[in-house]
Enquirer: 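Quick one: the structure is below, and I'll ask about it shortly.
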Amino acid sequence: MIRILNRLIKKHLSKLSADQGVKNFITDIEDVFKQQKEEKEFMERTLTLSFEELNQINASLKDNLAKNRENHRKLEKIVAKQNALFDASTEAVFSFSNDSVIEKVNQAGIEFLNISLDEYDENEVHTCDLFMARIANVDKFNHDIDEIRHNSDARIHGFFDTVDSKHYEYYSVPEVVDGDFIGRVWCCRDITNIRENEALLKHQANHDALTDLPNRVMILDALNHAISLSNRHNTLVGVLFIDLDDFKKINDTAGHHEGDRYLIEFAQRVKSALKNGDIIGRLGGDEFVVIVEGINDVLDIIQINERILALCEKPFYIKDKKYYMSCSVGVGISPDDSVDAEELIRKADMAMYQAKKSGKNTYHFFDDKLDKIALESVLLESQLREAINNDEFILHFQPKFELENGNICGVEALIRWQKTPEQLIYPDDFIPAAEKNGLIRDITYWLLEKACKTMVSWQNTSMANIPMSLNISALDFSDLNFTTQVISLIDQYQIDSSLLEFELTESIFFDDIVQVQQTIATLKSRKIKISIDDFGTGFSSFAYLRDIDIDYLKIDRSFVQNFHQDRKSHAIVKSIIDVGINLGVEVVAEGVESELEMNLLAAEGCHIGQGYFMSKPVNEKALCTFIEQRL
Ligand code: C2E
Ligand code: CA
Ligand code: CA
């Protein structure tokens with residue numbers, strides 16, 4: 001363009017004089033154009049340069065973008081993998097925020113919460129309450145995890161049970177980002193199967209595989225425990241070593257399989273003869289051990305021995321064949337024979353050999369003295385059975401007197417056992433045994449019926465309308481049939497039941513108090529009077545005096561005898577009389593042996609007296625004479 005302009009100027013100005021000014025003007029224009037050209041060239045160079053740089057930058061950006069995309073893909077892969085791992089975990093995993101909101105939970109965690117996967121809405125806010133609702137013993141759990149409340153860095157580990165009886169092991173670790181605590185992760189593992197297997201293994205280690213009874217290891221353990229408890233409570237522990245008689249014969253004739261069945265059935269039978277808390281174990285072969293805890297009297301052991309021997313009286317059926325089998329029992333008693341479990345079993349084993357030696361199907365105590373007692377007790381039991389069948393009991397009667405005026409106000413019926421015409425046995429010598437062996441039920445029935453018959457025979461005589469009190473054992477009282485029997489006898493004999501009085505000892509209140517109340521209410525509905533016998537010697541709780549509707553309190557004769565000479569007995573007698581007066585209950589003093597005692601009792605306000613001073617217990621004929629003389 002400059003060149004065109006230059007030519008045009010030269011063409012048009014050539015005719016003009018070569019004026020210096022015009023020349024300069026042209027030169028200036030040329031300079032301007034030159035400069036412009038240079039600038040343009042510079043610009044063009046600069047533009048070329050920037051474009052290249054831009055291209056470079058663009059290329060580098062593209063590169064970075066590609067790398068970022070790749071990284072992103074990698075990260076996504078990692079997160080997906082982690083999520084899959086998280087959900088595939090059989091452990092319940094929870095991530096809690098600082099304010100105890102569940103921020104993340106895996107599938108096992110949702111299942112742990114007892115929510116179905118479809119129902120769980122991730123967008124809803126779930127707090128740790130959902131988690132806590134699953135824990136069985138929340139107080140214990142809170143106590144166990146207390147550390148994390150004071151120390152957010154704490155990593156803890158422990159165990160809990162769920163409300164549906166599963167066992168869990170847990171780990172809890174803090175979640176920290178750039179040094180900031182942002183929450184906590186909990187991993188909970190279901191260890192129910194592990195625990196069950198552990199329990200099973202423990203059970204197998206402690207039990208006999210055939211009968212599932214405790215084995216020697218566990219028997220020794222239980223026996224040691226029983227011995228130390230009995231030491232503390234001052235009671236006895238009995239160990240019965242049982243060995244089947246001629247068990248080998250069964251194995252030899254019927255085979256081992258049938259022998260095994262026999263052992264299992266024998267174990268079940270023995271179990272059924274024991275009380276809750278008694279333990280039966282198998283030492284191996286045909287040897288069993290029974291541990292009887294918390295007994296006060298060897299009579300209890302004698303009863304169990306008898307029951308075990310009686311179990312064998314029923315036949316066992318093996319392959320439809322009837323077998324009669326017996327066993328021999330040896331007994332060791334702790335602490336008398338030993339306070340060491342192994343030694344006690346050894347001694348019971350030795351006693352068992354004695355039983356075998358003396359003809360099998362019997363029992364022996366390690367201590368010979370006890371064998372004598374056992375013999376007597378068993379003899380007594382069989383004789384008592386005969387006494388019931390042969391009607392060998394009789395009643396004596398002891399009158400009771402109103403202390404105010406000396407009038408007879410009733411009689412107490414006292415049982416005696418006329419064993420032979422010459423031998424009269426008093427109740428203290430057979431009632432306790434009858435209570436132990438259960439014969440008391442029959443004796444009480446006899447007593448009730450005899451009392452009814454006697455009252456019928458007294459009708460239309462001077463003895464009519466005399467109240468009669470009967471001693472009823474606590475065992476009778478806890479028998480659900482007792483009241484039915486009483487009522488049916490009253491109806492059968494058509495007696496005036498308001499003349500009947502039942503003397504009960506405080507031991508009836510050891511039983512279910514509601515049942516005692518019901519029994520008393522039933523008796524009272526027939527106007528039968530209730531008296532608390534031997535008051536002051538039992539556990540004398542005032543609670544039952546409040547809760548139970550009684551008519552008489554009988555002061556035990558141990559307080560009455562010589563009470564005027566003993567300051568403490570006097571205080572007790574006076575207090576019982578006061579309690580009776582304040583409760584509106586009549587007080588009877590038994591065992592009054594002197595006029596002085598009788599007068600003092602009357603002076604203290606006691607209502608009724610009974611004792612050798614007024615009359616000993618006498619037979620029916622003597623009672624009639626006694627009463628007629630006083631009319
Ligand atoms: P218990 O109910 O305390 O009966 C009073 C006992 O004290 C009677 O003895 C009686 O003979 C005796 N006794 C009465 N007055 C005096 C006295 O002034 N001095 C002395 N030292 N003793 C006196 P028993 O007849 O030998 O009866 C003893 C226990 O046997 C009775 O004590 C009672 O718990 C029980 N018992 C008596 N008969 C029966 C009965 O038919 N069934 C039941 N389950 N137990 C009975
Ligand atoms: Ca009595
Ligand atoms: Ca008494």
Side-chain angles (χ1 to χ4, degrees), residues 384 387-388 391-401 403 408 410-418 424-454 467-479 482 485-486 489 500-508 529-538 550-564 569 573 587-598 600-601 606 608-620 622-623 626:
L384 266 179
I388 293 165
D391 202 12
E392 291 172 10
F393 297 109
I394 57 164
L395 283 185
H396 278 184
F397 300 92
Q398 187 177 33
K400 295 194 252 184
F401 301 84
L403 291 178
I408 290 180
V411 292
E412 176 174 4
L414 295 156
I415 198 169
R416 275 94 182 86
W417 176 9
Q418 190 78 62
L424 188 68
I425 303 177
Y426 283 82
D428 285 343
D429 291 335
F430 65 88
I431 293 288
E435 285 178 333
K436 284 249 150 51
N437 60 33
L439 289 176
I440 189 70
R441 294 291 305 111
D442 298 314
I443 293 177
T444 301
Y445 190 81
W446 176 89
L447 170 72
L448 290 166
E449 189 165 34
K450 180 74 180 171
C452 290
K453 284 179 181 166
T454 308
M468 187 190 296
S469 53
L470 307 177
N471 292 285
I472 304 295
S473 155
L475 280 169
D476 297 315
F477 216 70
S478 60
D479 184 334
F482 175 68
Q485 282 183 349
V486 171
L489 282 170
L500 273 181
E501 177 187 322
F502 287 172
E503 297 193 3
L504 311 166
T505 57
E506 290 162 301
S507 54
I508 60 160
K529 310 282 186 303
I530 300 295
S531 161
I532 301 298
D533 206 355
D534 305 343
F535 186 75
T537 58
I550 57 168
D551 302 279
Y552 301 99
L553 273 188
K554 278 189 96 166
I555 313 174
D556 189 64
R557 66 175 187 277
S558 61
F559 298 122
V560 174
Q561 269 161 11
N562 296 323
F563 82 103
H564 54 286
S569 288
V573 168
V587 180
V588 185
E590 64 175 18
V592 184
E593 292 189 350
S594 69
E595 189 171 18
L596 180 63
E597 280 167 15
M598 186 179 74
L600 271 174
L601 284 162
C606 182
I608 297 165
Q610 171 186 358
Y612 290 178
F613 174 67
M614 294 86 116
S615 166
K616 284 199 168 185
V618 290
N619 64 25
E620 193 185 344
L623 178 76
F626 183 84

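Numbering starts at 1 and runs along the sequence shown. Whatever order the structure lists ligands and atoms in, that order sets their numbers, starting from 1.
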Enquirer: What is the OE1(Glu503)-the Ca ion (ligand 2)-OD2(Asp533) angle, to the nearest 10 degrees?
Expert: 90°
Enquirer: Pro617 heavy atoms, cut-off 4.0 Å: which ligand 1 atoms fall inside?
Expert: 11 (O)
Enquirer: Step by step, work out the side chain to side chain contact (heavy atoms under 4.5 Å, CB included) result for Val573 and Glu597.
Expert: CA-CA 11 Å; Val573 168; Glu597 280 167 15; over 6 Å; no
Enquirer: Side chains of Thr537 and Asp556: do they bring a donor and an acceptor to under 3.5 Å?
Expert: no
Enquirer: Between Asn471 and Glu412, is any side-chain donor less than 3.5 angstrom from a side-chain acceptor?
Expert: yes
Enquirer: Heavy-atom contacts under 4.0 Å between His396 and ligand 1: side chain, backbone, both, or neither?
Expert: neither
Enquirer: Within the structure, does Tyr426 bring an N/O atom to less than 3.5 angstrom of an N/O atom in ligand 1?
Expert: no
Enquirer: For ligand 1, indicate whether the residue Gln561 contacts it via side chain, backbone, both or neither (heavy-atom separation under 4.0 Å).
Expert: side chain
Enquirer: Does the shortest distance from the Ca ion (ligand 2) to an N/O/S atom of Asn471 fall below 3.0 Å?
Expert: yes
Enquirer: What part of Leu447, side chain, backbone, both or neither, has a heavy atom within less than 4.0 angstrom of ligand 1?
Expert: side chain
Enquirer: Mark up the atoms of ligand 1 that fall under 4.0 Å of a heavy atom belonging to Asp428, in ascending order.
Expert: 28 (C), 29 (C), 30 (O)
Enquirer: Below 4.0 angstrom from a heavy atom of Gly611, which ligand 1 atoms are there? Numbered from 1 as shown, please.
Expert: 15 (N), 18 (O)
Enquirer: Lys554 vs Asp534, test: salt bridge (Lys or Arg N to Asp or Glu O under 4.0 Å). Steps then yes/no.
Expert: CA-CA 6 Å; Lys554 278 189 96 166; Asp534 305 343; over 6 Å; no
Enquirer: By atom name, which N, O or S atom of Glu412 is the nearest to the Ca ion (ligand 2)?
Expert: OE2
Enquirer: Does Leu448 form a side chain to side chain contact (heavy atoms under 4.5 Å, CB included) with Phe482? I'd like the steps, not just the answer.
Expert: CA-CA 10 Å; Leu448 290 166; Phe482 175 68; 4.1 Å; yes
Enquirer: Given Ser469, which partner from the list Gln398, Lys529, Lys400 fulfils the side-chain hydrogen bond (donor to acceptor under 3.5 Å, both in side chains) test?
Expert: Lys400
Enquirer: With a sphere of 6.0 Å drawn around NZ of Lys436, does it hold more than 12 non-hydrogen atoms of other residues, nucleotides or ligands?
Expert: yes
Enquirer: What's the spacing between Ile408 CD1 and Ile608 CD1 if we round to 0.5 Å?
Expert: 12.5 Å
Enquirer: Can you name the atoms of ligand 1, numbered from 1 with element, that are less than 4.0 Å from a heavy atom of Gln398?
Expert: 14 (C), 15 (N)
Enquirer: Side chain, backbone, both or neither: which part of Leu470 comes within less than 4.0 Å of ligand 1 when only heavy atoms are counted?
Expert: neither
Enquirer: Once you restrict to heavy atoms under 4.0 Å, what part of Ile443 touches ligand 1? Side chain, backbone, both or neither.
Expert: neither
Enquirer: State the atoms of ligand 1, each with its element, that fall below the 4.0 Å cut-off from a heavy-atom position in Glu412.
Expert: 2 (O), 4 (O)
Enquirer: Apply side chain to side chain contact (heavy atoms under 4.5 Å, CB included) to residues Leu395 and Glu620 and explain how you reach the verdict.
Expert: CA-CA 7 Å; Leu395 283 185; Glu620 193 185 344; over 6 Å; no
Enquirer: Should the proximity of Arg416 to ligand 1, defined as any heavy atom under 4.0 Å, be assigned to the side chain, the backbone, both, or neither?
Expert: side chain
Enquirer: Which of the numbered atoms in ligand 1 are under 4.0 angstrom from any heavy atom belonging to Asp534?
Expert: 3 (O)
Enquirer: Flag the pair Phe430 / Phe393 as yes when their ring centroid distance falls below 6.0 Å, and as no otherwise.
Expert: yes
Enquirer: I'd like to know if the Ca ion (ligand 2) has an N/O/S atom from Asp534 within less than 3.0 Å of it, counting both backbone and side-chain atoms.
Expert: no
Enquirer: Got a second to check how far Arg441's CZ is from Gln485's CD, nearest 0.5 Å?
Expert: 4.5 Å
